[in-house]
Amino acid sequence: MPKLKVDGVEVEVPAGTTILQAAEVAGAEIPRFCYHERLSIAGNCRMCLVEVEKSPTPVSSCAMPVGEGMVVHTQSANAKKARAGVMEFLLIHHPLDCPICDQGGECDLQDQAMAFGFDRGRYREAKRAVSEKHMGPLVKTIMTRCIHCTRCIRFATEVAGVPELGAVNRGEHMEITSYLERAITSELSGNVIDLCPVGALTSGPYAFTARPWELRKTESIDVMDAVGSNIRIDARGNEVMRVLPRLNEDINEEWISDKTRFACDGLRRQRLDRPYVRRNGKLEPATWQEAFNAIAARVERTSGGKIAAIAGDQADAEAMIALKDLLAALGSSHIDCRQDGAKLDPRARGSYLFNTTIAGIEQADACLIIGADVRHEAPIINARLRKRWLRGGFAVGVIGPRLDLTYKFDWLGEGTRTLEDLATGRHPFAETLKNAKKPMLILGQGALRRADGARVLGLARRIAENGGLVREDWNGFNVLHTAAGRVGGLDLGFVPGPGGKDVADILDAAGKGEIEIVYLLAADEIDTKKLGKAFVIYQGHHGDRGAHRADVVLPGAAYTEKSAT
């Protein structure tokens with residue numbers, strides 16, 4: 001491992017480490033625009049110039065590997081002069097938009113111009129202007145501000161796997177554009193907003209709504225899918241203005257899906273803000289006491305065996321355990337959190353978890369995907385699978401519809417016959433799994449929701465056992481959920497007790513009149529027409545299908561408005 005000196009501090013780093021990375025180890029700050037630790041090295045902004053002894057010119061530290069005995073100066077007069085010159089060139093064509101730029105207050109160019117730039121400009125010629133590019137409704141473009149760092153191009157190509165961004169022309173005529181002037185077809189496109197070091201790519205829905213210093217920042221967890229991406233919610237007053245990613249290497253690294261980032265505007269629309277009671281066939285506003293009286297009157301004349309509860313996809317653990325205790329007190333065991341009817345086995349915890357862990361994907365060397373559209377159901381996990389695939393030595397097989405997963409895979413077919421062949425070892429991919437050191441399997445909800453979902457789950461278990469996916473030092477059996485609250489509900493036992501009915505049986509019994517009261521805890525993904533004449537209590541924060549069918553509506557708090565698990 002080479003040793004070098006950075007600003008007088010001696011450090012020892014692995015071979016192949018760049019000067020910029022070594023400087024971070026030594027505690028020295030080097031400005032940069034094009035360099036990003038999760039993207040390939042471009043070396044084109046030149047803002048990271050440093051002085052290296054015996055080198056005739058300043059060196060681009062992000063692209064230069066360290067050498068034994070190298071002596072680096074990051075704060076010498078030559079290094080500072082070189083950076084000031086680079087900043088002066090970068091600002092030649094940059095418009096004076098700071099007062100009206102959405103990046104103002106959190107702009108790398110602003111900050112580095114203050115810290116490392118020249119104190120005046122000497123350019124007197126006319127600035128160039130660049131036409132705006134169409135990247136869809138989510139990403140707003142003001143390309144005159146672009147400094148050609150190419151971070152967005154590298155992200156789209158390398159991480160998102162959608163090579164639709166690129167540079168055209170040369171020199172000062174160079175422009176970043178989507179090749180066909182159309183929206184980026186990636187479910188991770190919003191991350192280019194965070195990556196852009198200037199205001200060239202900003203959030204379309206958030207534009208001109210708030211300044212960063214006006215916002216109250218709250219750390220949270222995303223509930224739009226079951227990945228659990230770490231997020232930061234920025235609110236002004238009682239209104240959520242935007243959602244940004246938080247760093248977590250074990251889960252989402254520093255990316256979030258577009259659904260996570262942009263779905264927050266729905267929080268302020270179609271909200272349930274008061275109780276409602278159905279009178280004469282019509283839902284009418286009511287007081288809390290009137291709503292509780294209506295529920296109590298119906299429950300008092302109904303036996304416990306005729307009461308049921310269904311928990312929705314975004315129900316939190318605290319609410320589910322309270323509802324479970326309520327149903328138990330009323331004498332009912334008809335409860336279920338699997339509102340889509342997925343044949344998950346709550347008795348064995350390992351049978352419904354993502355046992356490999358998301359970070360563990362990077363250790364795997366073979367993967368079998370069964371009935372899951374990973375790209376759209378869990379974009380962050382799909383990005384991690386692509387990251388592992390790019391390293392090579394990662395065989396991927398897919399059972400289910402042919403999909404574009406942003407990486408190459410072997411389509412093995414669709415249906416249980418292929419699963420049976422894999423389980424018995426007759427399929428060639430079974431040998432691939434058996435020969436792999438750390439094979440993994442991802443079982444999607446699409447396969448488990450089928451009428452024969454229990455059989456699919458059993459076959460997947462056999463594949464895991466026969467293929468050596470589950471060992472003392474490795475567990476490659478994974479269930480990919482789409483509902484944020486599903487694992488919490490299964491852990492808490494929010495499933496039918498002895499003699500209890502599951503979702504399908506509850507709906508069937510309600511249609512026949514055997515179930516008279518159904519409590520929907522934010523459960524909207526069921527067929528409400530099957531509820532028949534049952535008395536329906538709906539608790540949730542948005543008036544969706546369940547609320548439209550309800551006889552009593554109780555407004556609840558959204559995930560941004562309460563502390564919950």
Side-chain angles (χ1 to χ4, degrees), residues 270-337 339 485 489 492-497 499-503 505-559 561-562 564:
Q270 209 177 329
R271 285 301 299 269
L272 296 174
D273 57 357
R274 68 192 68 185
Y276 289 84
V277 174
R278 191 175 295 277
R279 299 187 181 103
N280 301 319
K282 185 179 178 182
L283 282 172
E284 296 179 355
T287 63
W288 281 98
Q289 196 57 52
E290 288 171 339
F292 289 144
N293 289 343
I295 295 169
R298 188 59 189 260
V299 170
E300 282 173 0
R301 62 176 192 263
T302 307
S303 65
K306 295 184 177 181
I307 303 173
I310 301 172
D313 290 352
Q314 294 182 4
D316 57 275
E318 288 81 355
M320 280 191 280
I321 198 68
L323 182 55
K324 181 186 177 186
D325 292 345
L326 173 64
L327 268 286
L330 294 172
S332 173
S333 58
H334 309 316
I335 58 174
D336 204 349
C337 64
Q339 64 167 340
L492 294 170
F494 200 94
V495 290
K501 302 181 187 299
D502 62 12
V503 167
D505 291 335
I506 289 170
L507 295 177
D508 186 49
K512 294 176 181 175
E514 297 169 6
I515 293 288
E516 296 181 5
I517 298 177
V518 180
Y519 198 117
L520 301 180
L521 181 60
D524 296 292
E525 307 302 317
I526 59 171
D527 186 355
T528 53
K529 293 176 183 176
K530 292 184 177 180
L531 289 168
K533 295 182 179 180
F535 183 81
V536 178
I537 305 158
Y538 179 85
Q539 178 186 333
H541 50 83
H542 276 72
D544 208 333
R545 252 177 292 182
H548 286 262
R549 170 58 186 82
D551 294 286
V552 177
V553 176
L554 303 175
Y559 79 103
E561 299 159 356
K562 59 185 173 184

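Only a predicted model underlies this, so the values are computations on that prediction, with no experimental measurement involved. What's counted below: heavy atoms across the whole structure, side chains too, no hydrogens, waters or symmetry copies.
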Check: P275 and P285 side chains under 4.5 Å, non-hydrogen atoms: no

H548 side, atom NE2; T528 side, atom OG1 - distance, nearest 0.5 Å: 9.5 Å

Results of salt bridge (charged side-chain N to carboxylate O under 4.0 Å, His left out) for K530 - residues two or more places apart only: none

Student check: side-chain heavy atoms of F535 and V299 closer than 4.5 Å: no

Nearest-0.5 Å distance that lies between atom NZ in K324 and atom OG in S333: 11.0 Å

D527 side chain to K529 backbone, donor-acceptor under 3.5 Å: yes

Gap separating the CG atom of L492 from the CD1 atom of I321, nearest 0.5 angstrom: 4.5 Å

Considering all heavy atoms, the nearest A309-L323 contact: CB-CD2, 3.8 Å

Any side-chain heavy-atom pair of L531 and L507 under 4.5 Å: yes

Interatomic spacing from CD1 in I307 to CG in L330 - rounded to 0.5 Å: 4.5 Å

Side chains of I526 and L520 in contact at under 4.5 Å (non-hydrogen atoms): yes

Residue pair D313 / Q339, side-chain heavy-atom distance below 4.5 Å: yes

Distance-minimising heavy-atom pair for A522 and G540: CB-CA, 4.4 Å

Side-chain donor/acceptor of H542 to backbone N/O of Q270, under 3.5 Å: no

Backbone of V536 reached by a side-chain donor or acceptor of D551 within 3.5 Å: yes

Residue pairs passing the salt bridge (charged side-chain N to carboxylate O under 4.0 Å, His left out) test where at least one lies in residues 285-298, sequence neighbours excluded: R279-E290

Partners passing side-chain contact (heavy atoms from CB on, under 4.5 Å) against A322 (at least two apart in sequence or in another chain): none

Residue pair P496 / K501: nearest heavy atoms and the distance that separates them: CG-O, 3.3 Å

Nearest non-hydrogen partners of A547 and V553, listed with the distance: O-CG2, 3.8 Å

Rounded distance [0.5 Å steps], CD1 in I295 versus CG in L554: 4.5 Å

Residue pairs, two or more places apart or on separate chains, that pass side-chain hydrogen bond (donor to acceptor under 3.5 Å, both in side chains) and touch residues 507-525: K306-E516, D508-K512, Y519-Q539, D524-Y538

Minimum heavy-atom distance between G493 and I335, given as atom pair plus value: O-CD1, 4.0 Å

side-chain contact (heavy atoms from CB on, under 4.5 Å) involving A558 - partner list, sequence neighbours excluded: L267, R271, H541, T560, E561

Non-neighbouring partners of D502 that pass salt bridge (charged side-chain N to carboxylate O under 4.0 Å, His left out), sequence neighbours left out: none

From I517 atom CD1 to T302 atom OG1, the distance as rounded to the nearest 0.5 Å: 3.5 Å

